S.K.: 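Questions regarding the structure given below will be posed in turn.
Quick caveat: nothing in here was measured; it's all calculated off a predicted structure. To find a chain, count down the sequence lines: A is the first, B the second, and so on, and within it residues start at 1.
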There are 2 protein chains.
Amino acid sequence: MKISTKVEFGIVALADIAIYSVNGETVSSSDISSRQNISQKYLEQILVALRQAGFIRGQKGSRGGYTLARPASEISFSEILNGLDNNILADTYVSEDDTDGGLRDKVNSCIWDKLNGYMREFTAKMTLADFIELHKSESEENDGSFMYYI
Amino acid sequence: MKISTKVEFGIVALADIAIYSVNGETVSSSDISSRQNISQKYLEQILVALRQAGFIRGQKGSRGGYTLARPASEISFSEILNGLDNNILADTYVSEDDTDGGLRDKVNSCIWDKLNGYMREFTAKMTLADFIELHKSESEENDGSFMYYI
DNA sequence: CAAAAAGCCTATTGACATACTAGGAAATAA
DNA sequence: TTATTTCCTAGTATGTCAATAGGCTTTTTG
């Protein structure tokens with residue numbers, strides 16, 4: 001399954017902000033850009049989307065940047081996915097003309113909508129904090145001073 | 001999640017062939033086209049793909065058409081999906097340059113590949129015969145003479 | 001044998017989405 | 001006031017999707 005860079009970078013950016021915005025410090029797009037190796041201009045667009053979706057707060061001006069708008073433990077992946085991509089967790093839309101009770105309807109209702117249900121279930125359970133915890137515990141170069149904001 | 005018409009029509013075509021090719025009779029693309037309301041020319045391309053993937057056999061010439069190459073109970077949805085779309089069940093590919101052990105890797109390995117695993121699990125269990133049975137049992141206009149090949 | 005019926009193959013096209021690049025306006029802190 | 005940063009808009013190259021179209025090949029049938 002193909003994952004768009006917009007979603008991928010969006011998640012990475014959120015995690016980066018969660019990890020590095022300790023003590024209310026802001027994280028700038030150039031910080032994230034260099035740390036995560038993402039084009040800054042492209043990243044900025046994604047950050048705007050994340051702000052509009054209510055996940056982060058932006059602080060303009062010198063020494064500005066981003067902080068999480070909510071604790072990472074209260075941001076689920078299903079919310080993030082819906083905020084960045086209004087297709088990936090959506091059920092298949094069948095136009096009224098095609099609802100003929102035939103095989104096409106059944107494929108959509110029995111296969112795809114069911115798969116979407118599984119995806120929603122899994123992504124609803126997992127939070128940004130879970131993901132960061134997973135990343136932290138599996139990272140071997142962890143020197144003990146690894147800090148993150150939950 | 002978006003489903004391509006190629007995959008959707010491919011499944012419908014397979015089901016249609018399974019249902020209507022009783023006693024070794026063939027099912028022509030024009031039969032499927034009119035029954036399922038799919039452009040015949042487009043359908044033909046999909047049928048070629050289904051034949052090349054080994055799901056159906058084509059019989060050329062007058063009175064020709066298609067039959068299943070294997071029993072519907074031995075055709076899983078994961079096989080069909082892989083035959084029609086080499087992306088939908090595939091794990092995210094990460095180029096060697098990007099395997100830096102950072103957050104991007106983790107997003108792919110912990111989220112997407114896991115989701116793919118669930119999808120593969122579900123689609124591997126379900127067969128074409130299961131789907132047809134489901135369709136048959138839920139179709140209210142069933143008059144008892146409904147026949148299909150398993 | 002000829003003609004019709006079917007599968008089979010390839011090329012082309014319009015629409016749309018993706019993944020950026022680019023330029024600059026607005027706000028804010030130093 | 002100047003540097004820094006977010007924020008907004010436009011453009012663009014590339015690729016995929018969903019067909020449409022034309023015609024060749026094979027096989028049955030009259």
Side-chain angles (χ1 to χ4, degrees), chain A residues 1-10 12-13 17 20-21 24-34 36-67 69 84-88 90 92-93 95 98 104, chain B residues 1-10 12-13 17 20-21 24-34 36-53 55-69 84-88 90 92-93 95 98 104:
Chain A
M1 185 185 170
K2 193 172 160 261
I3 165 180
S4 68
T5 59
K6 183 179 181 188
V7 169
E8 183 182 347
F9 294 167
V12 168
I17 293 168
Y20 290 99
S21 69
E25 263 181 65
T26 60
V27 175
S28 73
S29 65
S30 79
D31 288 343
I32 304 172
S33 166
S34 54
Q36 307 299 338
N37 207 33
I38 301 172
S39 147
Q40 185 177 347
K41 275 299 195 183
Y42 185 34
L43 182 63
E44 284 176 5
Q45 296 176 28
I46 298 169
L47 288 166
V48 167
L50 287 171
R51 181 183 54 79
Q52 286 169 344
F55 300 119
I56 57 178
R57 264 192 286 264
Q59 168 74 16
K60 282 186 180 179
S62 189
R63 308 284 288 172
Y66 298 93
T67 52
L84 291 172
D85 188 312
N86 44 15
N87 197 356
I88 196 161
T92 41
Y93 170 72
S95 78
D98 293 335
R104 293 184 58 180
Chain B
M1 186 183 169
K2 193 171 159 261
I3 166 180
S4 69
T5 58
K6 184 180 181 186
V7 170
E8 182 182 347
F9 294 167
V12 168
I17 293 168
Y20 290 99
S21 69
E25 264 181 63
T26 61
V27 176
S28 72
S29 66
S30 78
D31 288 343
I32 304 172
S33 166
S34 54
Q36 307 299 339
N37 207 32
I38 301 171
S39 147
Q40 185 177 348
K41 275 300 196 182
Y42 186 33
L43 183 62
E44 285 177 2
Q45 294 176 34
I46 299 170
L47 288 166
V48 166
L50 287 171
R51 181 182 54 80
Q52 286 170 343
F55 299 119
I56 56 178
R57 263 193 287 265
Q59 168 74 18
K60 282 186 179 180
S62 188
R63 309 283 288 172
Y66 297 93
T67 52
L68 287 191
L84 291 172
D85 187 313
N86 45 15
N87 196 355
I88 196 161
T92 41
Y93 170 72
S95 77
D98 294 334
R104 292 185 58 181

S.K.: Checking B:R51 now: which residues fulfil side chain to side chain contact (heavy atoms under 4.5 Å, CB included) with it, not counting sequence neighbours?
M.R.: B:V48, B:I56
S.K.: Checking contacts here: which listed nucleotide (D:dT4, D:dT28, D:dC7) is nearest the side-chain heavy atoms of A:Y66?
M.R.: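 Output: D:dC7.
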S.K.: Can you name the residues that form a side-chain hydrogen bond (donor to acceptor under 3.5 Å, both in side chains) with A:S34, not counting sequence neighbours?
M.R.: none
S.K.: Mind checking what makes side-chain hydrogen bond (donor to acceptor under 3.5 Å, both in side chains) contact with B:S39, not counting sequence neighbours?
M.R.: none
S.K.: Using chain B heavy atoms and a threshold of under 4.0 Å, write down where along DNA chain C the contacts begin and end, 5' to 3'.
M.R.: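 The contacted stretch runs from C:dA5 to C:dA11.
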S.K.: Taking side-chain hydrogen bond (donor to acceptor under 3.5 Å, both in side chains) as the criterion, tell me which of A:S33, A:S30, A:S29 meets it with A:Q40.
M.R.: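 Of A:S33, A:S30, A:S29, side-chain hydrogen bond (donor to acceptor under 3.5 Å, both in side chains) with A:Q40 is met by A:S29 alone.
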S.K.: Rounded to the nearest Å, what distance is computed from the NZ atom of residue B:K60 to the P atom of nucleotide D:dC24?
M.R.: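 In whole Å, D:dC24 P and B:K60 NZ are 14 Å from each other.
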S.K.: If the condition is salt bridge (Lys or Arg N to Asp or Glu O under 4.0 Å), which residues does A:K6 pass it with, not counting sequence neighbours?
M.R.: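 Per chain and number, A:K6 pairs via salt bridge (Lys or Arg N to Asp or Glu O under 4.0 Å) with no residue.
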S.K.: Any salt bridge (charged side-chain N to carboxylate O under 4.0 Å, His left out) involving residues 39-49 of chain B? Give me the pairs, sequence neighbours left out, ordered by first then second residue.
M.R.: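 Only B:K41-B:E44 qualify under salt bridge (charged side-chain N to carboxylate O under 4.0 Å, His left out).
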S.K.: For B:Y42 and B:T5: C-alpha separation, side-chain torsions, deciding distance, then whether side-chain contact (heavy atoms from CB on, under 4.5 Å) applies.
M.R.: CA-CA 10 Å; B:Y42 186 33; B:T5 58; 3.0 Å; yes
S.K.: In residues 50-58 of chain A, what residues come within less than 4.0 Å of DNA chain D, judged by heavy atoms?
M.R.: A:R51, A:Q52, A:G58
S.K.: Could you list the residues that satisfy side chain to side chain contact (heavy atoms under 4.5 Å, CB included) with B:N87, not counting sequence neighbours?
M.R.: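 B:N87: side chain to side chain contact (heavy atoms under 4.5 Å, CB included) contacts with A:K2, B:D85.
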S.K.: I need the A:L84 CG to A:F9 CZ distance, nearest 0.5 Å.
M.R.: 12.5 Å
S.K.: Starting at atom CG of B:D85, determine the distance to atom P of D:dG15, rounded to an integer number of angstrom.
M.R.: 18 Å
S.K.: Among all residues two or more places apart in sequence or in another chain, which pass the side-chain hydrogen bond (donor to acceptor under 3.5 Å, both in side chains) test with B:Q59?
M.R.: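 Not a single residue meets the side-chain hydrogen bond (donor to acceptor under 3.5 Å, both in side chains) criterion with B:Q59.
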S.K.: What are the residues of residues 38-46 of chain A, sorted by number, that bring a heavy atom to within less than 4.0 Å of DNA chain C?
M.R.: A:S39, A:K41, A:Y42, A:Q45
S.K.: Please work out which residues in residues 26-33 of chain A have a non-hydrogen atom less than 4.0 Å from an atom of DNA chain D and list them by number.
M.R.: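 Residues of residues 26-33 of chain A under 4.0 Å from DNA chain D: A:S28, A:S29.
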S.K.: Are B:R104 and B:T92 close enough, and set up right, to give a side-chain contact (heavy atoms from CB on, under 4.5 Å), and what steps lead you there?
M.R.: CA-CA 11 Å; B:R104 292 185 58 181; B:T92 41; over 6 Å; no
S.K.: Would you check if A:I46 and A:I38 make a side-chain contact, meaning some heavy-atom pair closer than 4.5 Å?
M.R.: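 Contact flag for A:I46/A:I38 side chains = no.
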S.K.: Once side-chain hydrogen bond (donor to acceptor under 3.5 Å, both in side chains) is applied, do any residues pair with A:D31, and if so which ones, sequence neighbours excluded?
M.R.: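 Here the qualifying residues are A:S28.
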S.K.: Atom CZ of A:R63 to atom C1' of D:dT6: distance rounded to whole Å?
M.R.: 16 Å
S.K.: Would you mind reading off the distance between B:N87 atom CG and D:dT16 atom P, rounded to a whole angstrom?
M.R.: 9 Å
S.K.: Tell me which of A:T5 and A:G61 sits closer to the 5' end of DNA chain C, going by the nucleotide each one is nearest to.
M.R.: A:T5
